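Note that the structure is predicted; figures quoted are calculated from it, not measured.
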Amino acid sequence: MSVRRNAFSMGFEPVSRVLAGRAADNGPAFTFIDYLDHPDGVGHTLTWSELDSRARAVAARLAEVSVPGERVALLCPQNLDYVTGFFGALYAGMIAVPLFAPEVSSHATRLVGALADCDPQVWLTSRTVLPAIDDLLEQQPVPRPKQILAVDTLPDADFEPVPAFADQAAYLQYTSGSTRKPAGAVISHGALAANVSQARAAFDVDKNSTCVGWLPLFHDMGLVNLVALPVGVGCRSVFTTPFAFVRKPVRWLTMLSAYPDVITAAPNFAFDHAAAGMYEKDRAELDLSNVKAIINGSEPVRAETVRDFLVVAGPLGFRASAHRPSYGLAEATVFVSTTPPGTAPKVVAFDRTRLGPGERAVLVDEHADRATRLVSVGRSVGQDVRIVVDGRETQDGVVGEIWVHGPNVADGYWRQPERSAETFDGRLTGGKPDAGWLRTGDLGVIHAGELYVTGRLKDLVIVDGTNHYPQDIETTVQQAHPAIRRDRVAVFGIERDGREGPVVVAEHSSHVTLEDDLAGEIGRRVRAAVSQRHDLRLLDFVLVPPGAVSRTSSGKIARSATRRRYLDGDLR
């Protein structure tokens with residue numbers, strides 16, 4: 001595998017060493033806002049000095065029960081214990097495995113799979129979670145750790161952080177994929193430092209900024225934006241839990257209003273959720289003029305979402321140029337590309353029937369029948385991006401797989417050499433470098449110098465030789481009837497009687513009392529809309545209750561998992 005180096009890997013300083021260098025700083029570093037027992041939120045803050053001290057205490061105890069290079073699973077709730085535990089593992093020279101407390105039942109399979117895959121010697125958690133840890137060990141087939149430590153019970157201790165090197169593994173970032181066994185991307189200290197530097201440059205983050213959010217800290221985007229980036233830059237981080245946001249989305253906007261020079265990140269659905277969850281009384285209390293950048297990533301960015309969020313947030317001081325559609329993935333630590341600073345999001349209409357691999361993308365009027373509106377995710381920062389078909393770079397305007405090469409790319413998957421070679425050692429014929437490319441599995445096109453992501457290669461539905469992107473059909477379905485929940489639709493292909501065709505699984509709204517007549521009407525409307533707009537005949541349409549469509553940890557529709565459940569008969 002080739003060495004991935006450029007200016008962002010020079011002058012390497014691990015994030016853990018940067019934190020240790022802030023040991024004398026008594027300014028606020030991390031603030032957790034707790035909404036669980038306090039509807040208005042109560043903040044709990046660690047200074048840089050306190051965080052360093054607590055991380056040393058964790059590292060000292062880890063050094064007593066394990067050795068550098070071993071895995072340490074983070075099973076803390078999303079609070080300051082999580083941050084402390086993560087840096088404690090890095091201080092001890094061990095490999096952190098960011099997971100989550102076993103209280104999130106919807107992700108239990110993911111947790112069990114990751115623990116079985118990496119077999120960590122030590123589990124870090126919090127005192128309040130210990131009963132749930134005991135239940136996990138009793139009820140699930142997970143390897144028993146050598147030691148379970150509650151980070152909020154450990155006494156202060158003096159400890160000198162173990163030196164970290166660029167090619168040394170810092171943590172395992174487990175992806176939220178559902179088609180194969182869990183895969184932990186091995187993120188080195190060098191890759192993490194490089195991606196922090198890339199994000200810092202892309203979004204103009206400095207010590208006066210505030211990183212704000214609610215994303216899961218076990219997810220790549222949450223871990224980098226809310227934990228690693230603030231330490232690398234020396235700015236404050238203010239965060240809450242995903243549950244606090246989902247239950248009352250205006251809390252996120254309130255946090256954006258309360259701090260200076262805000263940098264935040266969220267998947268596309270969060271913008272719709274926040275806009276829909278805002279009441280008139282909230283508007284008088286919100287001022288979004290301090291938002292420097294909202295990174296929109298982790299799933300396809302929708303033009304309608306960009307437009308609708310600006311309609312709601314613009315009158316509150318939010319600038320269109322602060323909305324930063326971006327592209328990234330766990331295998332690249334997280335960040336790959338974003339739109340140029342100071343520019344509003346750019347939307348281009350393409351002929352959706354001409355976006356298959358190897359095809360030249362065709363621009364059309366946005367109101368044309370075959371139009372699909374794609375949002376630019378800009379240009380890469382500190383890394384190379386190529387569009388590739390059959391191992392060769394395509395010309396601009398031709399659709400292909402997105403390949404990435406840079407110092408932020410992971411070293412592979414934990415103890416999965418064949419899968420690592422397949423994903424991380426793409427060979428580019430006639431290109432430089434010719435090896436060591438990350439094959440993302442995402443399709444995209446370069447138009448006017450900017451990247452447009454068209455969809456996942458594995459999710460393409462191919463009928464009679466024609467490629468159909470599931471997200472296009474999903475949009476048609478959710479617009480076909482008001483009883484269908486927005487962004488709760490999964491489309492996938494199956495083979496039946498020797499012919500492949502699409503299946504739609506859609507959630508109905510929670511306020512709908514479903515009767516046979518209404519279900520029949522919804523089905524007829526959906527089939528007619530898909531036939532008219534996509535010239536497709538559905539092999540099946542399944543209407544399911546709220547929460548039945550599988551989603552990944554980052555909120556994306558898990559089409560493969562939903563397909564598997566459909567084929568197993570679990571959705572009927």
Side-chain donor-acceptor distances from residues 129-143 under 3.5 Å, at least two apart:
none

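- Classification of the W437-W403 ring pair by plane angle, with boundaries at 30° and 60°, yields tilted.
- For the residue pair E13 and A193, the shortest heavy atom distance occurs at O-CB, 3.7 Å.
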Go through the steps for H405 and L428 under the test side chain to side chain contact (heavy atoms under 4.5 Å, CB included), then give the verdict.
-> CA-CA 11 Å; H405 197 287; L428 190 61; over 6 Å; no
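- Taking all atoms of both residues into account, the shortest heavy-atom contact from T372 to L355 is CG2-CD1, 3.7 Å.
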Would you sort out whether Y469 and L443 count as a side chain to side chain contact (heavy atoms under 4.5 Å, CB included), showing the intermediate values?
-> CA-CA 10 Å; Y469 284 95; L443 291 170; 3.4 Å; yes
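- Under the 3.5 Å distance criterion, the side-chain polar atoms of Q198 are matched with a main-chain donor or acceptor of G382.
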Under the ring-ring contact (aromatic ring centres under 6.0 Å, His included) rule, what do Y566 and F492 come out as? Steps first, then yes or no, please.
-> CA-CA 10 Å; Y566 170 83; F492 48 84; 5.7 Å; yes
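- Salt bridge R419/E422: absent, no basic N to carboxylate O contact under 4.0 Å.
- In this structure, T423 and Y413 have side chains that are in contact, with non-hydrogen atoms separated by less than 4.5 Å.
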Side chain to side chain contact (heavy atoms under 4.5 Å, CB included) between L223 and Y171, intermediate numbers included | CA-CA 11 Å; L223 185 66; Y171 62 97; 3.5 Å; yes
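- Looking only at distances, no side-chain donor or acceptor of S16 sits under 3.5 Å from a matching main-chain atom of P14.
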Hey, mind stepping through D411 and F424 against side chain to side chain contact (heavy atoms under 4.5 Å, CB included) and telling me if it holds?
-> CA-CA 8 Å; D411 290 337; F424 293 94; over 6 Å; no
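- Put simply, the side chain of R427 never gets that close to the backbone of G391: no donor and acceptor are under 3.5 Å apart.
- In this structure, R110 is not positioned above the aromatic face of F218 in the sense of NZ or CZ being under 6.0 Å from the six-membered ring centre and within 45° of the axis.
- Side-chain atoms of S66 never come within 3.5 Å of backbone atoms of L62 as a donor-acceptor pair (strictly under, hydrogens ignored).
- Nearest approach of V445 to A361, heavy atoms of both residues: CG2-CB, 4.2 Å.
- Within 6.0 Å of CZ on R392 lie no more than 12 heavy atoms contributed by other residues, nucleotides or ligands.
- Shortest non-hydrogen contact noted between A266 and W214 is CB-CZ2, 4.0 Å.
- With respect to the salt-bridge test (charged N to carboxylate O, under 4.0 angstrom), the residues D472 and R352 do not qualify.
- Within 6.0 Å of CG in D390 there are 12 or fewer heavy atoms belonging to other residues, nucleotides or ligands.
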